[in-house]
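Reviewing the structure listed below.
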Amino acid sequence: MSQQAPWWTSAVVYQVYPRSFQDSDGDGIGDLGGVLRRLDHLSDLGVDVLWLSPVYPSPQADNGYDISDYQGIDPLFGTFEQFDELVAELHRRGMRLVMDLVVNHTSDEHPWFQESRSSRSAAKRHWYWWRPPRQGMTAGHPGAEPTNWQSFFSGPTWELDPATGEYYLHLFGRTQPDLNWENPEVRQAIYAMMRWWLDRGVDGFRMDVIDMISKDVGPDGVLHDGPQIAGTALGDGSASYLCGPRIHEFLQEMHREVFAGRDAALLTVGEMPGVTVEQARLFTDPARAEVDMVFQFEHVALDMVGDKWHPKPLRLTDLKASFGRWQAGLADVGWNSLYWDNHDQPRAVSRFGDDSPAYRRDSATCLATLLHLHRGTPYVYQGEEIGMANYPFTNIQQFRDVESINHFAAATAAGEDPATVLSAMRRMSRDNARTPVQWDDSPSAGFTSGKPWLPVNPDSVQWNVAAQRADDGSVLAHYRRLIALRHANDVVALGDFTMLLHDHEEVYAFTRCRDGATLLVVCNLSRTPYPLPDLLPPAVDAELVLGNLPDAGPTLRPWEARVLRLP
Ligand code: NOJ
């Protein structure tokens, strides 16, 4: 990448999940007033972009990822006045606002779907995927669904609408019908809506499951069954909807219709489950004009057997193989996002670090150093910057997430042991990411004056922003330094990446090089101390640029991370 590298190569994005960030009206749910109140926290951290999870009108079946009006603000979150103030306040502080764009599906309460379901001849019937029951089967009977696909939120991807006797497709929840992107009217309506937000001042979009918008449909409208998933009657339909045949055509059209002429100032990121490095190169090659970067999932699937509900420990060599392949694959063309945490992932310090009292701070800062020193744009998810950990869930009533609740019902109905199902959920449920941000040590952690919609983690007494703000040794202070380092040092932003110690199961090391300058990064992801002279001799005399523990000596201590400048 040349001298005129895009601005987002040295930027850091901060994700706000508004429901859990800060409440300003005492209803126990975070809102725009709360985001406005906490903007200083973002400026102090030094981030460049705020990605705002959905605030559009929504029945909230999937916490806003089920939109019923693309051009409004849900009163739960506030008003357009507050939204406009947020844009202005961010811009005044030199930050940008990226909206969540959820256009693979709408809510079933969206007027488009209401019209679509009203009759088989409705004007918008073909804005969604309607299909008759499987040939020879009676509507409503198990197995009569048009395909055998399993939904991401358990059960089949098809729901029968009794009024018209046909099924509609929903890859996610049954109240999240998939839009039919084959229909040019749908695409034009979405592009118009996107232009409208850009004209209002937003600086880009994070595009929800955007690699699912093109379905592999035959000329006769046929959709194909997928291979059966062991232990169920359902199949894996992903070959029919991940990176489907027209995906590049649709994204190029979107670019022409929405971004062309103003793309240099914007950030466009495609969330793409299942995307491969080879596909990501195509999506993010600037010459192809699709999106700036992808959000890929390979590294967050390495600690699973089959699916997230069957977790296993991460092997560091698997992480190195995956990250190494992504770094190499996007070295000359394209760009990647870097993340551990987001609103769909359990907390990284509990998942990949060591959240015991002795190592929580050190492992949180070690993981952060490892990630932020890669090539790509780092994303910080709210609370990650203070080392927030998983919640100690003990029973099913404590969960709010539709994916988790549906999974518990389906798995226990299929005969799995409830205690085992719950234990996997405690580790992997998305609700771990969604407990309120811990601002201080008060009973509701400064999040709300009311009753929080999801309980505050009891560890907020010790782990909170107020306690870390003035502490130079805190996780928060370390994140500040990492972000500042990316801004100041273009080796971090743009340097070439070389993985070292490929076969080591506890130490992760790599170099970044640019214009004759080399940074060596070494991170101990274990409790075992390692003498550096044996492990990485060049590290011994190198100058320390940034470390996560004081008094660096010849031994790399448990969870110690160092960024070193080689002579
Ligand atoms: C991905 C989003 O990140 C997740 O939260 C949501 O449930 C699904 N897409 C469906 O919109």
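Just so you know, ligand 1 is whichever comes first in the structure, and atom 1 is the first atom listed for that ligand. All values derive from a computational prediction rather than experimental measurement. Numbers here simply count residues along the sequence, with the first being 1.
Ring geometry for Trp112 versus His110: interplanar angle of 30 to 60°, hence tilted. Between Trp340 and Phe323, the ring planes lie tilted relative to each other; the angle falls in the 30° to 60° range.
Near ligand 1, residues Asp62, Tyr65, His105, Phe153, Phe172, Arg206, Asp208, Val209, Glu271, His343, Asp344, Arg430, Arg434 each place a heavy atom inside the 4.0 Å sphere around the ligand atoms.
Listed by first and then second residue, the salt bridge (charged side-chain N to carboxylate O under 4.0 Å, His left out) pairs that reach into residues 57-71 are Asp62-Arg430, sequence neighbours excluded.
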Applying salt bridge (Lys or Arg N to Asp or Glu O under 4.0 Å), run through Lys215 and Asp178 and close with a yes or a no. CA-CA 10 Å; Lys215 275 77 175 174; Asp178 278 49; 2.8 Å; yes
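A donor-acceptor pair is defined here as one N or O able to donate and one able to accept, closer than 3.5 Å; no such pair exists between the side chain of Arg96 and the backbone of Leu90.
Summarising the local packing, CZ of Arg174 is surrounded by 12 or fewer heavy atoms from other residues, nucleotides or ligands at distances under 6.0 Å.
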